[in-house]
Amino acid sequence: MSRVKPTPEMEEEAEEVRQEVEGAGGVEGSPDAGAGGEEGAEEEKEVSFDELGLDEQLKRALRKKGIAKATPIQQEAIPLILMFVICNPISYKAREGKDVVAKAKTGSGKTFAYLLPLLHDLLKLSSEGRIRKPAPNAFILVPTRELCQQVYNEASSLLEFCTSKLKVVQVTASMSDKDITVALSGPPNILVSTPACVATCISKGIMRGSSIKESLSMMILDEADLLLSYRCEDDLKALIPHIPRSCQSILMSATSSSDVDKLTKLLLHNPFVLTLTEISCDAKDKMLHILALLKFELIQKKALIFVNSIDAAFRLRLFLEKFGIRSAVLNAELPQNSRLHIIEAFNARLFDYLIATDDAKTKEEKQTDKENKKEARVSRKHLQQTLDAEFGVVRGIDFKNVFTVVNFDMPPDPAGYVHRIGRTGRANKTGASVSLVSEEESTIFEEIEHMLQDIENKDTDCISPFPLLTKDAVDSLRYRAQDVARSVTTRDIHEARRQDIKNEILNSEKLKSHFEENPRDLDLLKHDKLLSNKEIPAHLRDVPDYLIDPKTKEASNVVKLSRAAMGIDKPQRRKRQGFKGGSGKSRDPLRTFSAELPDGTVWDEHIVISPDEQGYK
Ligand SMILES: Nc1ncnc2c1ncn2[C@@H]1O[C@H](COP(=O)(O)OP(=O)(O)OP(=O)(O)O)[C@@H](O)[C@H]1O
């Protein structure tokens with residue numbers, strides 16, 4: 001924040017710091033480089049606050065609070081923020097690049113990652129008698145009142161151990177104008193508030209725009225991924241004219257999202273983007289990842305895709321449909337005949353992707369799960385057979401030639417995982433499962449890992465990062481995927497769901513007799529027919545060649561070649577005897593399929609696309 005003209009020595013020093021930071025991994029030094037970071041390859045190293053060159057008073061405060069080592073985001077962000085302070089002179093041109101976007105998972109210590117350099121700088125200015133007035137020197141803007149309190153407490157807890165008297169206040173919409181005026185008198189060095197409250201203070205003249213322009217040297221947007229969902233955009237826009245050119249802006253976020261990108265563009269200039277590897281992907285990122293997997297044909301068809309709710313299933317189907325990828329949804333809501341027919345059509349390779357939900361489990365089923373966990377230690381095959389009999393909408397169904405099971409959502413428990421992946425690799429065939437694991441799902445993921453470690457056949461059962469999907473491939477689809485994901489509304493989903501059930505109920509009776517009389521004709525109903533009548537725009541249906549990076553092309557070719565080698569490209573005509581279950585009223589055809597499960601199950605691989613992008617090469 002103190003903007004002194006750098007001497008050659010200072011620039012040299014700054015360059016050394018820059019090289020050290022870059023050498024430590026995780027920092028992309030150019031705004032164009034986007035989010036980056038070494039993908040967890042390095043061991044986490046311990047860095048003390050001494051090494052970060054923080055003010056003595058802050059180091060003492062941290063010691064008193066029992067905090068000895070900097071967290072990874074603090075190790076990276078503190079020097080980054082301070083380095084720009086040292087090397088950037090006041091001149092407009094030279095200030096390019098001092099803004100910082102820092103993304104790291106929740107609970108990673110982001111608050112101190114910006115508070116410590118901020119306080120360090122203010123303490124320095126204070127000791128030199130160079131604190132600027134008549135308005136606060138720093139704004140920390142957060143989405144809610146509760147977060148104001150939290151950040152205020154963190155800042156106060158550090159300042160209480162500092163001998164230099166810096167003042168931090170929080171101002172929220174719940175306070176009267178009078179209280180706000182009192183709080184802002186002085187003025188404080190740091191104002192913690194919401195964008196709405198600051199905008200109101202300016203519009204009411206409690207804080208003057210010209211004063212802000214004179215004093216503000218740092219603006220922090222914390223929890224940036226949430227700010228826009230709290231409708232802060234207009235308030236932030238109102239603030240922009242009052243932010244001085246010399247102000248350093250810092251944006252902290254727990255996720256990467258289009259909202260974060262939007263805020264970055266709105267408020268930051270040429271920022272450094274610092275992404276720590278453990279960043280989580282939100283629901284939209286899962287859509288993006290599955291789109292990349294399917295569009296670039298990186299997984300072997302046919303694929304069974306599991307989601308955790310019927311709405312999620314229709315959302316995914318509508319989303320994929322907009323890219324020209326057809327799929328059908330299988331769920332417990334559908335009439336039994338329809339379910340049976342969907343499975344038949346899928347088994348006959350009339351479509352490649354089936355999106356399925358697990359049914360909710362009863363108490364007894366949960367009890368069975370517990371017992372199954374014990375079983376798992378003994379024999380996977382036995383466990384599989386038991387689970388087949390117990391699980392929901394896909395219970396006991398022998399999906400034929402499913403090469404890949406995708407866990408779009410992780411199952412609620414390890415037994416569910418075993419059940420799902422058991423839909424592939426049947427009858428001694430090989431198969432793979434690919435899981436998209438978000439941060440919230442890390443606990444269940446760990447449980448699954450432990451369970452697999454306990455089971456026999458360790459050599460064939462391994463969980464590994466997905467080798468074929470590159471970050472470039474994912475990024476090439478990012479903007480299209482985000483746009484399309486946004487265009488699929490809850491209303492569309494409910495309408496599609498309603499329409500699907502209606503169609504299937506109408507056809508259910510037809511199907512029943514049809515199956516009895518004419519089992520060869522699988523084209524009566526098209527379960528993967530388009531939910532929307534709109535034509536798919538060419539730019540979504542076909543990914544232009546220039547967008548596909550060479551690694552992805554190569555990977556896609558390998559998958560296609562192996563498919564050709566396995567001879568699985570042509571639709572298979574269903575053999576009459578394949579439908580042994582009969583269709584008598586007394587028999588549940590789904591259960592009948594269960595009774596005819598072939599023995600022997602082979603799993604090849606369980607592949608994980610982890611939220612932290614560790615699956616990328
Ligand atoms: N270096 C550290 N060592 C030990 N504890 C720390 C350290 N830094 C911060 N903490 C503590 O870790 C907790 C989480 O920190 P913080 O709230 O800053 O995380 P965050 O990344 O901002 O999370 P969120 O995105 O959920 O707000 C806090 O209680 C904080 O006091």
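Both counts, for ligands and for their atoms, begin at 1 and track the order of listing. Just so you know, residue 1 is the first one in the sequence shown, and it goes up from there. Computed from a prediction, not measured in an experiment: that's the story for all the values here.
Residue I67 touches ligand 1 through its side chain alone, judged by heavy-atom distances below 4.0 Å.
Here is the list of ligand 1 atoms found below 4.0 Å of a heavy atom in S108: 19 (O), 20 (P), 21 (O). Of all atoms in ligand 1, listed by their number and element, those nearer than 4.0 Å to a heavy atom of T71 are 1 (N), 2 (C), 7 (C). The atoms of ligand 1 that sit less than 4.0 Å from any heavy atom of F112 are 8 (N), 9 (C). Atoms of ligand 1 lying under 4.0 Å from at least one heavy atom of K69, given by number and element, are 1 (N), 2 (C), 3 (N). Distances below 4.0 Å separate heavy atoms of T111 from the following atoms of ligand 1: 16 (P), 17 (O), 18 (O), 22 (O).
For a threshold of 3.5 Å applied to N or O pairs, the pair formed by Q150 and ligand 1 contains no separation below that value. Taking any N or O of F49, backbone or side chain, none lies under 3.5 Å from an N or O belonging to ligand 1.
Summarising the geometry, atom CZ belonging to F139 is positioned 11.5 Å from atom OG1 belonging to T194; distances are rounded to the nearest 0.5 Å. Rounded to the nearest 0.5 angstrom, I290 CD1 and L294 CG are separated by 5.0 Å.
Residue M252 places no heavy atom under 4.0 Å from ligand 1.
The backbone N or O of I212 lies less than 3.5 Å from no partner atom in the side chain of S215, so there is not a single donor-acceptor pair. The backbone N or O of F323 sits less than 3.5 Å from a side-chain atom of K295, completing a donor-acceptor pair.
The heavy atom nearest to atom 25 (O) of ligand 1, out of those in K65, E154, K110, is found in K110.
Side chain to side chain, S164 and Q57 meet the donor-acceptor criterion of an N or O pair below 3.5 Å.
Nearest heavy atom pair, residue C148 against residue V192, reads O-CG1, 3.6 Å.
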Given Y417 and N407, is the side-chain hydrogen bond (donor to acceptor under 3.5 Å, both in side chains) satisfied, shown in steps?
-> CA-CA 8 Å; Y417 180 79; N407 288 304; 4.9 Å; no
